[in-house]
Number of protein chains: 2
Amino acid sequence: MKDLLSVLKISVPSKIYIKDPETSDLGKRIVENSILLINEIGFESFTFKKLGTKIGSNESSIYRYFESKHKLLQYLSSWYWAWLEYQLVLETFSISNTQEKLEKAVKVITRTVEEDSNFSHINETILYKIIVNESSKSFLTKEVDSENKEGYFEIYKRVITRISEMILAVNKNYPFALSLASTILEGGLHQHYLKEHFPSITNCKKGKTPTDFFIHLINNLL
Amino acid sequence: MKDLLSVLKISVPSKIYIKDPETSDLGKRIVENSILLINEIGFESFTFKKLGTKIGSNESSIYRYFESKHKLLQYLSSWYWAWLEYQLVLETFSISNTQEKLEKAVKVITRTVEEDSNFSHINETILYKIIVNESSKSFLTKEVDSENKEGYFEIYKRVITRISEMILAVNKNYPFALSLASTILEGGLHQHYLKEHFPSITNCKKGKTPTDFFIHLINNLL
DNA sequence: CAAATATAATAGTATTACTATCACTAAATA
DNA sequence: TATTTAGTGATAGTAATACTATTATATTTG
């Protein structure tokens, strides 16, 4: 996996950034450290000024890469979905049994990202925490519709479409494949969040993961 | 229902506000118009200054009721969950058949709030839109844990607990009642959001509602 | 070596998210 | 009736935010 990814590049919709952060050292430091800083202080308190200080660079230089912190969050989200899609395809590709394939897919999209695959400057484990805590904010805005038209959410939508196809492969008569797919994806993140902050309204904890919940769900539903 | 509510008062955790907005005309105008304004321009663009202008009052007066716009959002959310809990209890109370009771409950928590029950200055239809679009932001912050300890999310958690009890009444061996309950509640809001902004990743549309999806789900799962 | 490009440094702006102070009015209370 | 006091409004002020613009300097490339 590590080797494969060394020749592949995660591709994010180009309209999200002004200048591709993958093309320079500064760009990579911006992305790498924005993940750390957002994780530390939260998206609301995160500013380009603070990030500039952290990376020993100037606020104005960061603005050459991203129009706003909101766009940066969308970049990080898209990057994560692209990375997840890659994991998803890789780990399910060779499975021919439809049931088994779907189970694997659900595992991939609902599991905690625990080990840093480390093929890049991006720490996926920490990025995953940001996805759990902040990713909703990337689309819950007044600008969703225009941003959606611009293609900002293409990868996210493609992941859901892929899952829905696997659902239909198991049961072609199931009438809510897309809704189930989107529910598992967002619901998985949400259960991880609850486990951390609202343990009284989830059954998930150590030894009983969101993955177990959703695997049990699809096995009894489809 | 209208009559019943005229003697009942929706009760929100008192730590959320500085001064109870229900106790004055200005307070009610703040709440009433904040709902309209947040719906119009979105929570990010919403400010107390703009709200002050809208209600012909002063920014500083609004700060006498709410410490910040974040607290105001939490107030609106709590108010909604309290209102929903009331609907939930009222509409399921007299149903003795457990299956039927749960179905009704799922209907109540996943349906679109369409008619304004109009028992107060609060427009529930528009408030519901805010819940769909903005309510996640009330807990997705770095302050969740301390705010949770202060009891800000009590009503929300109680609604989920109630649903989970109804799930267990149908199938006492189902091992994920809380997770299923929280998934239906948040998932319902999310499907409504997708229907509006990302129709390509949901099966929900006119004539095929989030309610249909979740009713079908529980009926085949439990 | 010149030209283009990337970055840094500095300054500046409108707005935000408040806090503080003071004045005024209406209602409650002594 | 006089007097607190509570509620609201008006004004001012502050530190920080979310940028934009300009100029200088360093680095890369043709």
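In what follows, every chain begins at residue 1, and chains take the letters A, B, ... in the order their sequences are listed.
- Between F43(B) and F46(B), the ring planes lie parallel to each other; the angle is under 30°, not in the 30° to 60° tilted range.
- Dashed line: the shortest gap from a side-chain N or O of S68(A) to OP1 or OP2 of dA18(D) is not under 4.0 Å.
- Here dA17(C) is the nucleotide among dA17(C), dC19(D), dA10(D) with the atom lying nearest to any side-chain atom of E59(B).
- Closest non-hydrogen pair, V113(B) versus T125(B), comes out as O-CG2, 3.3 Å.
- In the set dA6(C), dA8(C), dA17(C), the nucleotide with an atom closest to the side chain of T47(B) is dA17(C).
- Counting non-hydrogen atoms under 4.0 angstrom, K69(A) reaches the backbone sugars and phosphates but no base.
- If you take CD of E44(B) and C1' of dT15(C), they are 16 Å apart, rounded to a whole angstrom.
- Between E165(B) and R162(B) there is no salt bridge, since no side-chain N of the basic residue sits under 4.0 Å from a carboxylate O of the acidic one.
- Straight-line distance from the NE2 atom of H70(B) to the C1' atom of dC18(C): 16 Å, rounded to whole Å.
- Between the P atom of dT11(D) and the CD1 atom of I62(B) lies a distance of 16 Å, rounded to the nearest Å.
- With dT8(D), dA8(C), dA18(D) as the candidates, the nucleotide lying closest to the side chain of L26(A) is dA8(C).
- Using a 4.0 Å heavy-atom cutoff across all strands shown, S60(A) reaches at least one base atom of the nucleic acid.
- Among the protein residues, Y65(A) comes within range of the sugar-phosphate backbone only, with heavy atoms under 4.0 Å from sugar or phosphate atoms but none that close to a base.
- Using a cut-off of 4.0 Å between Lys/Arg side-chain N and Asp/Glu carboxylate O, K142(B) and E134(A) are scored as not salt-bridged.
- Distances were taken from every side-chain heavy atom of N58(B) (C-beta onward) to each of dA8(C), dG9(D), dT8(D); the shortest belongs to dG9(D).
- The side chain of Y63(B) sits closest to dT19(C) out of dA8(C), dA6(C), dT19(C).
- In this structure, K28(B) places its NZ atom 14 Å from P of dG7(D), rounding to the nearest Å.
- Note on ring orientation: taking the six-membered ring where Trp is involved, the planes of F153(A) and F139(A) are perpendicular (angle over 60°, cut-offs 30° and 60°).
- For S57(A), counting side-chain heavy atoms from C-beta on, the closest listed nucleotide (dA8(C), dC18(C), dA20(C)) is dA8(C).
- Sequence order on DNA chain D of the closest nucleotides to K49(A) and S24(B) puts S24(B) first from the 5' end.
- dT25(C) atom C1' lies 15 Å from atom CG of D25(B), rounded to whole Å.
- When the C1' atom of dC19(D) is taken as reference, atom CG of L72(A) falls 15 Å away, rounded to whole Å.
- For F66(A) and dA18(D), the CZ to P distance is 16 Å, given to the nearest whole Å.
- Counted by atom type alone, T23(A) and D20(A) present zero donor-acceptor pairs between their side chains at under 3.5 Å.
- Within 4.0 Å (heavy atoms only), F48(B) reaches no atom of the nucleic acid at all.
- Nearer the 5' end of DNA chain D, as judged by each residue's closest nucleotide, is the contact made by G27(B), out of G27(B) and E67(A).
- Atom CZ in F46(A) sits about 12 Å away from atom P in dC19(D), given to the nearest Å.
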